[in-house]
Amino acid sequence: MRNILTTVAASAICSYVGAGKAEAMDFDPIPASAYAESTTDKTVLDTVPWLIPDGYSQRVVSDETDLNVYQLNDRPAFIVTNETGPQAGRYLYRTHETYPGKDTHLDGTTGGALSVVDLETGATRLLATRADWEVLDGLTWTPWGSLLFAEETDEPQYPDPDYPDARRGLVYELKLNKDDPTVAQSVTALPSLGAVRHEAVEFDRKGNVYLSSSNRDSYIYQAVEKVSIEAAMYPFAWVRGRRKPFFSAPTAAWAPPLGAARPFWAH
């Protein structure tokens with residue numbers, strides 16, 4: 001089955017949750033998995049590929065006919081839009097969760113990748129790729145307008161040249177060109193956010209970072225700043241008159257050290 005990215009829009013609300021109590025949902029379930037194809041007609045599958053409930057609609061946003069990165073499956077994983085800025089919501093970013101040995105690009109190079117879709121024009125392009133990236137998965141938009149993405153790997157086959165001793169996946173920050181958010185300006189590894197088999201990465205409303213792993217002994221991690229008690233009460237610091245995250249301040253660093261992390265919640 002080809003890789004596609006679709007959006008599904010609801011024309012009616014199916015349930016209501018109020019006052020901490022969820023009311024029963026009144027709906028007729030679909031007869032099979034959403035991934036079940038209702039027909040073999042390619043002309044239909046190219047426009048409405050998934051089995052969805054009545055009252056919903058779908059459209060194909062992107063597939064491998066407009067961007068084909070890898071010789072094998074492109075394996076799009078997490079997706080996120082640019083949530084802030086003058087064009088908020090226009091650009092959709094995604095990681096590609098390809099594994100070593102199955103990550104050969106059409107041009108013969110190898111390595112993980114991120115891509116971007118302009119939801120207004122439909123234009124799709126490769127955003128960034130590197131030979132030492134593998135199994136890119138978790139992805140989120142930061143409060144200051146960059147992307148954090150993570151590797152979901154236990155034993156790196158392609159060690160980061162700057163952090164070759166990292167025994168599991170790393171987290172990276174990708175900064176976008178201020179004039180063109182479909183162009184990557186720089187990528188920086190953030191080893192102090194932990195070297196684990198990362199799954200998801202996300203911020204809360206105060207700007208704190210949470211990360212999850214996908215091992216059998218999985219955890220949810222909370223990033224903790226190495227700062228004074230007074231400063232630690234706030235997720236951001238004032239630097240040169242501007243509010244900036246601690247880990248981009250020259251003299252500050254995130255705890256814990258490479259290869260470890262503070263469990264916030266375990267299961």
Side-chain angles (χ1 to χ4, degrees), residues 2-11 13 34-35 47-50 52 56-70 73-98 112-130 133 135-152 171-188 190 193 198-212 223 235-236 243-245 247-248:
R2 65 199 178 99
N3 267 302
I4 60 174
L5 174 63
T6 63
T7 60
V8 178
S11 60
I13 298 176
Y35 294 103
T47 55
V48 286
W50 308 129
I52 61 175
Y56 288 76
S57 63
Q58 61 180 305
R59 70 181 180 92
V60 175
V61 176
S62 177
D63 63 16
E64 292 185 8
T65 63
D66 52 46
L67 179 67
N68 189 8
V69 181
Y70 295 95
N73 197 305
D74 278 8
R75 293 182 59 86
F78 274 64
I79 60 173
V80 67
T81 61
N82 56 322
E83 298 173 2
T84 57
Q87 300 184 82
R90 174 173 174 174
Y91 300 101
L92 186 145
Y93 304 91
R94 56 190 172 184
T95 48
H96 294 268
E97 193 178 359
T98 55
L114 298 92
S115 60
V116 56
V117 182
D118 185 332
L119 297 176
E120 185 174 299
T121 67
T124 307
R125 65 184 297 175
L126 186 66
L127 179 65
T129 183
R130 251 173 50 177
W133 291 343
V135 200
L136 298 188
D137 199 19
L139 175 69
T140 193
W141 183 259
T142 72
W144 49 94
S146 62
L147 295 166
L148 287 191
F149 64 95
E151 296 175 305
E152 186 187 359
V171 177
Y172 294 85
E173 180 179 21
L174 186 151
K175 294 183 179 180
L176 299 160
N177 185 293
K178 64 179 182 179
D179 298 318
D180 186 351
T182 68
V183 175
Q185 178 176 299
S186 65
V187 178
T188 305
L190 303 175
L193 286 181
H198 291 284
E199 179 65 31
V201 53
E202 191 53 87
F203 289 84
D204 63 20
R205 292 182 178 181
K206 295 181 179 180
N208 298 304
V209 184
Y210 299 86
L211 308 104
S212 64
F236 292 86
R243 211 172 184 223
K244 300 180 68 176
F247 70 70
S248 65

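Reckoned from all heavy atoms, side chains included, excluding hydrogens, waters and symmetry mates. Keep in mind it's a predicted model, so treat the numbers as computed, not measured.
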For a quick test of reading the model, state the closest non-hydrogen atom pair linking [X] to [Y] and the distance between them.
X    : Y    : answer
V69  : A113 : CG1-CB, 4.4 Å
L176 : P181 : CD2-O, 3.5 Å
Q58  : P49  : OE1-CD, 3.3 Å
G89  : L119 : O-CD1, 3.6 Å
L174 : A128 : CD1-CB, 3.8 Å

- Distance only, no hydrogens: is a donor on one side chain within 3.5 Å (strictly under) of an acceptor on the other, for R94 and S115? yes
- Message: Can a side-chain donor-acceptor contact be found between T188 and E173 if the only test is distance below 3.5 angstrom?
- Response: no
- Given W144 and K175, is the side-chain contact (heavy atoms from CB on, under 4.5 Å) satisfied, shown in steps? CA-CA 10 Å; W144 49 94; K175 294 183 179 180; 5.7 Å; no
Rounded distance (nearest 0.5 Å) linking atom [atom1] of [X] with atom [atom2] of [Y]:
X    : Y    : atom1 : atom2 : value
D179 : Q185 : CG    : CD    : 9.5 Å
N68  : L126 : CG    : CG    : 11.5 Å
D118 : S62  : CG    : OG    : 11.5 Å
D137 : E151 : CG    : CD    : 11.0 Å

Heavy atoms, side chains only, cut-off 4.5 Å: are [X] and [Y] in contact?
X    : Y    : result
R125 : V183 : yes
E202 : S212 : no
E199 : E152 : yes
T140 : V209 : no

- Query: Are any side-chain N or O atoms of N73 and backbone N or O atoms of R75, one a donor and one an acceptor, separated by less than 3.5 Å?
  - Reply: yes
- Item | Test item: E64 side-chain N/O and D74 main-chain N/O as donor-acceptor pair under 3.5 Å | yes
- Query: For Y70, which residues count as a ring-ring contact (aromatic ring centres under 6.0 Å, His included) partner, sequence neighbours excluded?
  - Reply: H105
Test side chain to side chain contact (heavy atoms under 4.5 Å, CB included) applied to [X] and [options], the passing residue:
X    : options              : value
L147 : N82, V80, V116, V187 : V80
V117 : D66, V61, T182       : V61
L148 : L139, T142, L211     : T142

- Item | Check against side-chain contact (heavy atoms from CB on, under 4.5 Å), T121 and R90 | CA-CA 9 Å; T121 67; R90 174 173 174 174; 3.7 Å; yes
- Task: Measure the acute angle between the ring planes of F149 and Y172, then classify it against the limits of 30° and 60° as parallel, tilted or perpendicular.
- Result: parallel
- Steps toward ring-ring contact (aromatic ring centres under 6.0 Å, His included) verdict (W141, Y91): CA-CA 11 Å; W141 183 259; Y91 300 101; 9.3 Å; no
- Task: Report the C-alpha distance between L114 and Y93 in whole Å, list the side-chain angles of each, state the deciding distance to 0.1 Å, and finish with yes or no for side-chain contact (heavy atoms from CB on, under 4.5 Å).
- Result: CA-CA 7 Å; L114 298 92; Y93 304 91; 5.9 Å; no
- Task: Quick one: do E97 and V135 satisfy side-chain contact (heavy atoms from CB on, under 4.5 Å)? Show the steps, please.
- Result: CA-CA 4 Å; E97 193 178 359; V135 200; 3.6 Å; yes
